[in-house]
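Reviewing the structure listed below.
Letters A, B, ... are given to chains in the order of the sequence lines, protein chains preceding strands, and every chain is numbered from 1. For clarity, every value in this text was computed on a predicted model and none was experimentally measured.
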Amino acid sequence: MIIALDFVLRLALWIALAPLLPGIINKVKAWVAGRRGPPVLQLYFDLARLWRKGVVLSDLASPAFLAASAVGWVAIAAATTLLPVGPAGASLSFQGDFILLIYCLALARFCTVWAAMETGSAFEGMGSAREVSYAVLAEATLIAAVLALCVQTRSLSLPGMLAPATGAGAILLAGGLFIVLLAENCRVPFDDPNTHLELTMIHEVMVLDHSGPPLAVILHGASMKLLLFALLLTQAVLPTGHLAPAWAGVAIGAGVLAVTVGVGLVESLLARFAFRRVPLLLTMAFLLCLFALLIAWKGGAA
Amino acid sequence: MTAGFLLSVGAVAAVAATAAGRRLPRIWLSLVSLACAAALAASVRVLAGAGEWEWRSTYALAGQPVHLRLDALSALFLALLSFIGCSGAVFSREYWSDEHKPDSAPRGRVAWISMLICMALVLTVSNGLHFLIAWELFAVCGYFLLTLDRGNGDARAAGWLYLTCSHAGTLALFAFFSLLAVHTGSWDLGPMRDRPELAPLFWLALFGFGVKAGLFPLHVWLPSAHANAPSHVSALMSGVAIKMGVYGVLRFSGWLPTPQAAGWVLVALGASGALFGIVFGFVQNDLKRLLAYCSVENVGIIFVGLGGALIALRHGEAPWGILLLAGALLHVWNHGAFKSLLFLGSGSLMHATGTRELSRMGGLWRRMPWSTVLFALGAVAVAGLPPLNGFVSEWLVYLGLFQAAATRTVAAWAAVPAAIALATAGAVALAAFAKASSVAFLGAPRSDAAHNAHECGPLMRGPMLAIAALCILLAFLPSLLWPALMRAASDWNPALTAVALPAAMPALALIQATLAAIAAVAVLLLVSRATKTGVRRGPTWDCGFAAPTPRIQYTGGSFSGIVEGWFGWLLQPQRFASDPRGTLPTSSVRVARIPETVLERIVGPVAAFVTGASAIARRLQHGRLQAYLLYILAGVFLVGITVFLGVFL
């Protein structure tokens, strides 16, 4: 009973806090540009509005169109239950949980692509093709990062991998994971969440034909994914294992905030890359994680 | 009932089925089902721990006493064979029926049951000579099944290629079994792990069985064979027949000692094969070729597991070795299940639309809801996504690789690159099956054929449903399967001590089940919310594009364009174009084609060279008697000189 309650409470916390991050990013962008910008809670208002709105479905869409949005959201939520949060740990952890986490995110991707292809739109097909293609490099990077953590700590589950200090490769790992965060969450320089030029987008173009509650579900899922990556990055880099629980919590919170502000700054100061340069940046991320792995293996503490 | 009794019942039923196949299709089907059920029951008994079944007879066949054995390792493959064999037989009653194919359907039934018998023999015989006979018959039956549709030139060409490659492999196996018999003094097979001088024979076995398994550079026959065979035959070939190659490598790497490098080579071939195989698959626009290349990927995953287990044996670090082997063995079942499902699904598509080209399909979900759901289920499973069976075996392989990497010993040099290659291959597999399922089933119909498609009948749907149920069962019951996997692993090599079920596995199954349940609830919630707020239908928004036509939908070729660009060095895509010219252009053509690189760039030129050299050598044979007398004279002269030199120098 206690376990179930604990599980539900954690999940509720994830669901409640996740939409803060895009708000913070937008605030940072507005601040850099000298605007006042939307309120930090804007995404909450948007979600509430969308949840009340009606749905316009494409004539071509099958019943699986709605199902895909729901399953995609559940897959991301499942991934969040596997990620430990500092001293609080994870709801679920077992040997090899990181593989399930990565594959839950892959399931979410499959669902988004499925829903996008339902509409028979060329734009959405384009976005889907880009999404699955860049994910190849992103997934290789992610697995290299997890391998680095695994070799460093000799642990096979996320709480063991993320708790102790990460050693000399932490900076490389931070760089690699930050790039993956930007790519997987469709931020500049890979994608532009604000643009209305559909030819240039990845993720936003895939949800062009979503509206009402399904769109709300997708937007919320995307914000949870952003929080997931920010937490993963922070804990992979910050040595919080030695701190007192309260301080560790504060450190992780500050880390997530720093990552979010970082995303906002990148978004303000950088233009989106041409698509042919995207693979180069992702390959660089992969190499960073690979070097982190080599350092963990050959140079890390026994 | 003992395994022996069940197997005899199966054998009698199967032999009777060969006799009934030509004229009595219903009796044939009942007999095939009976034979498969009996074989399945026997394998389940052995896997459940009833002990291995062995039968030695004094009756000699080809001069060798008959010796049959069914241990847990062969039972694992026999169970898969009987399940898929039976499902495919039911499927073929509608798919390749007497009404539609009056001349080839009877032949197909006889060849089908003969192929099942020969594969069962390959799995059970314990005599090198009999193994070779069964192996050869199995290959030939495969050829007849593949070329059922004799009028189709592509099928004949694919059959020819299959037969050639298969015999190249068999040649290596002839050498392997003869050398084995020479070294041991008997054709009898069994564990001989204490004879290190036999180790180099592993390479012959790897080549011979690797060709059949479709291990990466030896896979050249596989894409065209699987694509051009009738779909139920493709399902059997991909789900089961290539597993015979896997079985061969497993069996003889377990019974014989292996060279030091064996595990490393297997991991390297498996990991690169997994990645390259699926990249080739992703860029195909022929649905069945895509599925065929994906088999190359999955065989690669199996070989990574097996190679890792061999490395673990060398280093005495059994815990991760057994995880890898269990993952490989489970993947044999999983791939057999979901790939047969997908091939049967592609058969249903071809039945409905008459084409294998993805770019002529589209929007089929409306006409073929059952096929859509079943194919999508297979696609999720093959992409290794939770909560289906493909994920469980890939998870075991990953776990083994990560444990090996965490040791930071020399084994990590194999594990780290293999894990990265598998992750990359996994992401490409997702892309490939997102493409296959969405381009075929979603959007608007791209051709009249797709527009007028029809759902398949109950005899085609039933086997697909059964296999889909197997995919779900295999995902949620790993704890039940674990003892069977451990028995097979210890029959492979007892040095690999069985380990208790990793605590994570039941947890994983539970999480997968919960995930599926919660996802179902979430779907219901969202659908009810959407109906509450009101659903309106309209044309696809597509940024306000006013005149959408089915032809401007994204095609399979454009979907994989980005990855095709990255792997251009490997894929070497060819483009033929005749651009429109003049003021009033008449017609223009643009064709893009992905060649089978290994076949056309390596095997082809070598074969052409051999053919050329033979053509030159053939000029010596012309039928002129005078010249032949001259050859004899020259020969005698040469021998004379040799003898002369030998005697006097």
Side-chain angles (χ1 to χ4, degrees), chain A residues 51-60 62 64 66-67 69-71 73-74 78 92 94-96 99-100 103-104 106-107 109-110 113-114 117-123 125-126 128-130 132-133 135-136 139-140 143-144 147 150-151 154-156 198 208-209 212-214 217 279 293 297, chain B residues 363 365-366 380 383-386 391 395 398-399 402-403 405-406 408 412 416 419-420 423-424 426-428 430-431 434 438 442-444 502-504 507-508 511 515 518-519 522-523 525-527 529-530 533-543 550 552-554 558-559 561-563 566:
Chain A
W51 189 250
R52 286 195 304 271
K53 276 198 159 189
V55 185
V56 183
L57 280 186
S58 161
D59 288 328
L60 299 173
S62 77
L66 287 181
S69 320
V71 175
W73 186 87
V74 170
L92 300 165
F94 53 93
Q95 274 207 343
I99 305 165
L100 184 59
Y103 274 80
C104 275
L107 177 62
R109 189 184 332 132
F110 186 86
V113 169
W114 176 280
M117 295 298 282
E118 286 262 10
T119 60
S121 144
F123 281 145
M126 222 176 268
S128 313
R130 287 171 187 158
V132 294
S133 303
V136 171
E139 201 157 302
I143 214 89
L147 262 173
C150 167
V151 169
R154 294 181 189 242
S155 167
L156 288 167
E198 293 79 7
L208 272 178
D209 266 273
V217 163
L293 168 62
W297 184 355
Chain B
W365 68 268
R366 213 179 278 277
V380 171
L385 298 178
F391 175 71
W395 177 82
Y398 273 121
L399 196 61
F402 271 79
Q403 280 196 8
R408 296 195 207 166
V416 167
I420 293 174
T424 318
V428 184
L430 185 145
S438 64
L442 305 181
L508 186 71
I511 293 173
L515 179 63
I518 294 180
V523 170
L525 277 177
L526 187 63
V527 170
R529 178 72 210 175
T533 54
V535 177
R536 201 152 52 80
R537 288 276 179 173
T540 296
W541 157 235
D542 208 9
C543 302
I552 63 170
Q553 292 178 95
Y554 228 47
S558 15
F559 198 89
I562 299 175
V563 173
W566 295 347

Which atoms of [X] come close to chain A, meaning under 4.5 Å heavy atom to heavy atom: side chain ones, backbone ones, both, or neither?
| X | result |
| --- | --- |
| B/L525 | neither |
| B/F391 | side chain |
| B/A383 | backbone |
| B/W395 | both |

message: Quick check: closest heavy atoms across B/T540 and A/S121, and the distance to 0.1 Å?
response: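 Closest heavy-atom pair between B/T540 and A/S121: CG2-CB, 3.7 Å.
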Of all of [options], which one pairs up most often with chain A through heavy atoms under 4.5 Å apart?
| options | answer |
| --- | --- |
| B/P539, B/G363, B/A507 | B/P539 |
| B/F402, B/W566, B/F559 | B/F402 |
| B/G384, B/G561, B/P550 | B/G384 |

field: Sub-4.5 Å side-chain heavy-atom contact between B/R536 and A/L57
entry: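 The answer is no; the side chains never approach within 4.5 Å.
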message: With a 4.5 angstrom heavy-atom cut-off, is it the side chain or the backbone of A/S155 that approaches chain B, or both, or neither?
response: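 Contact with chain B: none, neither part.
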- request: Against chain B, label A/A67 side chain, backbone, both or neither, depending on which of its atoms sit under 4.5 Å from a heavy atom there.
  value: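 Contact with chain B involves both backbone and side-chain atoms of A/A67.
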task: Go through the structure and list residues passing side chain to side chain donor-acceptor pair (under 3.5 Å) with B/T424, not counting sequence neighbours.
output: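 In terms of side chain to side chain donor-acceptor pair (under 3.5 Å), with neighbours along the sequence ignored, B/T424 is linked to no residue.
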message: For A/W73, give me all partners under side chain to side chain donor-acceptor pair (under 3.5 Å), at least two apart in sequence or on another chain.
response: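 By the side chain to side chain donor-acceptor pair (under 3.5 Å) rule, A/W73 matches A/H220.
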- request: Find the one option among A/L66, A/V113, A/V217, A/L156 whose heavy-atom pairs under 4.5 Å with chain B are most numerous.
  value: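 Of A/L66, A/V113, A/V217, A/L156, A/L156 has the most heavy-atom pairs under 4.5 Å with chain B.
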